[in-house]
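A short worksheet on the structure shown next.
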Amino acid sequence: MKSAVETLNPTRVRLTVEVPFEELKDSLDAAYKKINQQVTVKGFRKGKIPARVIDQRFGRGAVLEEAVNDALPKLYTEAVTEAELNPLGQPEVDITELKDGETLAFTAEVDIRPEIQIPDYSGIEVTVDAVEVTDEDVEKSVEQLRERFASTNPVERAAAEGDVVTIDLEAKVDGEVLPDGVAEGVSYTIGSGELLDGIDEAVTGLEAGGEATFTSQLKGGSAEGKDAEVTVKVTAVAARELPELDDDFAQMASEFDTLEELKADSRKRLENMKQYDQATQAQERVLDELLKLAEVPIPEKLLEDEVKTRKHNLEHHQLGQMGLDLAKYLEIQGKTEEEFDAETKEQAVKGIKTQFILDELVNKEKLNVNQEELTEHLMRRAQSSGMSPDQFAQAVVEGGQVPMLVGEVARGKALAVVVEAAKVVDTNGEVVDLEDEEDEAEVTEAAAETVEDAVEGETGEKNEA
């Protein structure tokens with residue numbers, strides 16, 4: 001077999017392949033055998049029809065077509081391996097010559113991973129938010145915990161903000177009660193904003209037995225988006241009572257004996273959260289700077305497919321689960337379809353560039369993924385998918401997705417290498433040492449998550465380039 005490669009552009013090549021006819025012998029034999037099992041000829045047992053009879057009755061052309069279809073994938077793969085190409089997607093194959101008993105020649109155009117020069121990233125410098133936990137932050141955290149332990153007691157007075165009221169609702173559109181517009185015994189905290197617009201004003205000042213009518217745009221149901229006349233009746237009013245902030249509360253709400261110990265623990269937790277956010281911010285900003293430094297040609301077909309995949313996933317999966325269509329989503333986002341398309345394309349480009357650059361860095365730095373790192377990544381992915389680790393692992397293995405997970409971890413390690421080489425300072429001008437804040441496994445996993453976000457973008461799922 002002879003093959004040659006013509007570079008059409010940095011991301012696409014044309015393979016020209018010429019094959020001596022004798023190399024098609026196995027495929028010809030397979031073609032005759034397959035046709036033998038599919039046809040019957042009087043005077044011959046099924047599967048025992050001679051080749052010459054098949055040629056006479058069904059035509060040599062049918063046999064050649066079957067043989068070529070069988071041989072092309074193997075011949076294409078051999079040519080790709082010989083040329084040391086990294087193809088993306090399926091090739092466009094064109095048979096240019098087929099001479100029975102002499103030669104098979106074909107061309108195959110295919111997108112390839114571009115050759116990328118990893119830039120010098122040692123000079124990258126980024127600024128991140130400083131880790132600062134104020135007394136107000138601590139008080140707010142403790143107050144949120146206090147809210148969780150609030151109790152409610154019935155009161156005989158008018159409802160006020162913060163009270164929990166029990167209400168009955170009836171919604172009418174054009175004077176008709178909606179089939180799904182009646183609800184009874186609904187518990188609602190005044191001021192929470194969890195129900196209809198206008199309900200807070202309607203129930204504030206009402207005692208048990210009181211009712212009011214107001215107009216509100218429905219947020220869901222059969223008449224979503226329409227203005228409805230809503231009648232609300234208060235059947236009970238209860239006041240929320242917060243526990244005293246003292247040592248007894250600390251003992252009730254935590255494992256600590258004193259309120260000061262509880263506050264100290266809250267401060268430490270907030271510091272840890274802000275350090276994690278700071279590390280994530282550093283990874284995201286270092287990645288953005290790395291992408292700016294590198295020249296990465298993007299295969300047009302790959303980009304086109306990725307944009308289509310992202311739009312499909314958004315419309316048929318994410319929005320479908322929320323009961324929205326694309327038009328409603330764009331209305332909520334305040335975007336035109338043209339703006340949405342431009343953003344989707346921009347995200348797709350970033351995702352593809354991220355994979356290409358980090359994969360090249362994995363190869364350059366000879367980064368490997370060990371079992372512990374893969375297991376840690378699998379556990380996190382399982383948690384985010386809502387599946388148990390065993391279920392997720394089984395799905396990954398059955399779907400042949402283990403290499404994809406390995407690739408995600410490897411890219412995370414590659415990003416961690418770049419972050420380690422970069423200079424990270426906070427808004428106070430202090431140098432941030434991320435290694436002091438997290439162990440190596442946590443850094444790798446956090447970086448892998450950052451890479452996933454960059455690859456997926458806001459509207460799509462992974463591109464398995």
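The shown structure was predicted, so the numbers you read here are calculated from the model rather than taken from an experiment.
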### Working for side chain to side chain contact (heavy atoms under 4.5 Å, CB included), residues L293 and I124
CA-CA 9 Å; L293 292 175; I124 290 177; 3.9 Å; yes
### Task
Evaluate salt bridge (charged side-chain N to carboxylate O under 4.0 Å, His left out) for E343 paired with K335, printing each intermediate quantity in order.
CA-CA 10 Å; E343 286 182 11; K335 298 176 184 175; 2.7 Å; yes
### Query
Could you go step by step and tell me if E170 and V230 meet the side chain to side chain contact (heavy atoms under 4.5 Å, CB included) rule?
CA-CA 6 Å; E170 182 183 81; V230 182; over 6 Å; no
### Message
Let's go through D180 and S222 carefully: what are the C-alpha distance in whole Å and the side-chain angles of both, what is the deciding distance for side-chain hydrogen bond (donor to acceptor under 3.5 Å, both in side chains) to 0.1 Å, and is it a yes or a no?
### Response
CA-CA 7 Å; D180 52 357; S222 60; 2.8 Å; yes
### Query
Between L169 and V182, is a side chain to side chain contact (heavy atoms under 4.5 Å, CB included) present by the stated rule, with each step listed?
CA-CA 6 Å; L169 294 165; V182 177; over 6 Å; no
### Task
Check the pair L88 / N86 against side chain to side chain contact (heavy atoms under 4.5 Å, CB included), numbers first and verdict last.
CA-CA 7 Å; L88 300 169; N86 290 308; over 6 Å; no
### Query
What do the steps show when you test E92 against R12 for salt bridge (charged side-chain N to carboxylate O under 4.0 Å, His left out), and what is the final call?
CA-CA 11 Å; E92 295 179 7; R12 193 167 180 83; 3.6 Å; yes
### Query
Given the rule in the side-chain hydrogen bond (donor to acceptor under 3.5 Å, both in side chains) test, do S151 and E241 qualify, once you have shown the distances and angles that lead to the verdict?
CA-CA 5 Å; S151 59; E241 294 185 8; 4.5 Å; no
### Query
Please walk me through it: do E306 and R310 pass salt bridge (charged side-chain N to carboxylate O under 4.0 Å, His left out)?
CA-CA 6 Å; E306 178 64 7; R310 288 168 183 260; 2.8 Å; yes
### Query
K413 and E373: salt bridge (charged side-chain N to carboxylate O under 4.0 Å, His left out), yes or no, with the steps?
CA-CA 10 Å; K413 296 185 76 168; E373 292 166 336; 3.1 Å; yes
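Interatomic distance, I112 CD1 to L8 CG, rounded to the nearest 0.5 Å: 9.0 Å. Atom-to-atom distance recorded for Q117:CD and E115:CD is 7.5 Å, nearest 0.5 angstrom. Rounding to the nearest 0.5 Å places CG of L302 at 8.5 Å from CD of Q355. Atoms CG and CG, from N363 and L358 in turn, are 11.0 Å apart once rounded to the nearest 0.5 Å. Rounded to the nearest 0.5 Å, atoms CZ (R381) and CE (M387) are 11.0 Å apart. In this structure, F249 CZ and E244 CD are separated by 11.0 Å, a value rounded to the nearest 0.5 Å.
Atom CE of M273 is surrounded by 12 or fewer heavy atoms from other residues, nucleotides or ligands within 6.0 Å. Counting non-hydrogen atoms of neighbouring residues, nucleotides and ligands closer than 6.0 angstrom, the NZ atom of K274 exceeds 12 such neighbours. Taking a 6.0 Å sphere around CD of Q383, one finds it holds 12 or fewer heavy atoms contributed by other residues, nucleotides or ligands. Within 6.0 Å of CD in E147 there are more than 12 heavy atoms belonging to other residues, nucleotides or ligands. E84 CD: 12 or fewer foreign heavy atoms inside a 6.0 Å radius. Within 6.0 Å of the CD atom in E346, the count of heavy atoms belonging to other residues, nucleotides or ligands does not exceed 12. Within 6.0 Å of CD in E300 there are 12 or fewer heavy atoms belonging to other residues, nucleotides or ligands.
The minimum heavy-atom distance linking G162 with R240 is given by the pair O-CD, 3.1 Å. Minimum interatomic distance between V128 and V432 (heavy atoms only, all atoms of both residues): CG2-CG2, 4.2 Å. Annotation for D163 and A239: closest pair OD1-CA, 3.7 Å, computed over non-hydrogen atoms. Listed here is the closest heavy atom pair of F392 and L405: CE2-CD1, 4.2 Å.
In this model, a donor atom of one side chain and an acceptor atom of the other lie less than 3.5 Å apart for E132 and N428. Side chains of Q275 and E271: a donor-acceptor N/O pair is absent below 3.5 angstrom, by distance only. Side-chain contact, T11 with D111: no donor N or O sits under 3.5 Å from an acceptor N or O. Checked by atom type, the side-chain pair T134/D137 shows a donor-acceptor distance below 3.5 Å. Side chain to side chain, E229 and T215 fail the donor-acceptor criterion of an N or O pair below 3.5 Å. Between the side chains of D390 and S388, no donor N or O sits under 3.5 Å from an acceptor N or O. A side-chain donor-acceptor contact under 3.5 Å links D200 and Y188. For the residue pair D129/Q281, the side-chain donor-acceptor check at 3.5 Å is satisfied.
Identified under the salt bridge (Lys or Arg N to Asp or Glu O under 4.0 Å) test for residues 258-267, with sequence neighbours left out: D135-R267, E139-K263, D265-R269.
In this structure, R14 contributes its side chain and V5 its backbone to no donor-acceptor pair below 3.5 Å. E398 places no side-chain N or O within 3.5 Å of a backbone atom of A395 that could act as its donor or acceptor partner.
In summary, R380 and E376 do not engage in a salt bridge, as defined by a charged side-chain N under 4.0 Å from a carboxylate O. A salt bridge is defined here as a Lys NZ or Arg NE, NH1 or NH2 lying under 4.0 Å from an Asp or Glu carboxylate O, and K292 with E289 meets this definition.
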Let me have the donor-acceptor pairs involving side chains of residues 65-79, under 3.5 Å, with sequence neighbours excluded, atom names and distances please.
| from | atom 1 | to | atom 2 | distance (Å) |
| --- | --- | --- | --- | --- |
| E66 | OE2 | K34 | NZ | 3.1 |
| N69 | ND2 | E65 | O | 3.2 |
| D70 | OD2 | S27 | OG | 2.8 |
| D70 | OD2 | K74 | NZ | 3.4 |
| T77 | OG1 | P73 | O | 2.8 |

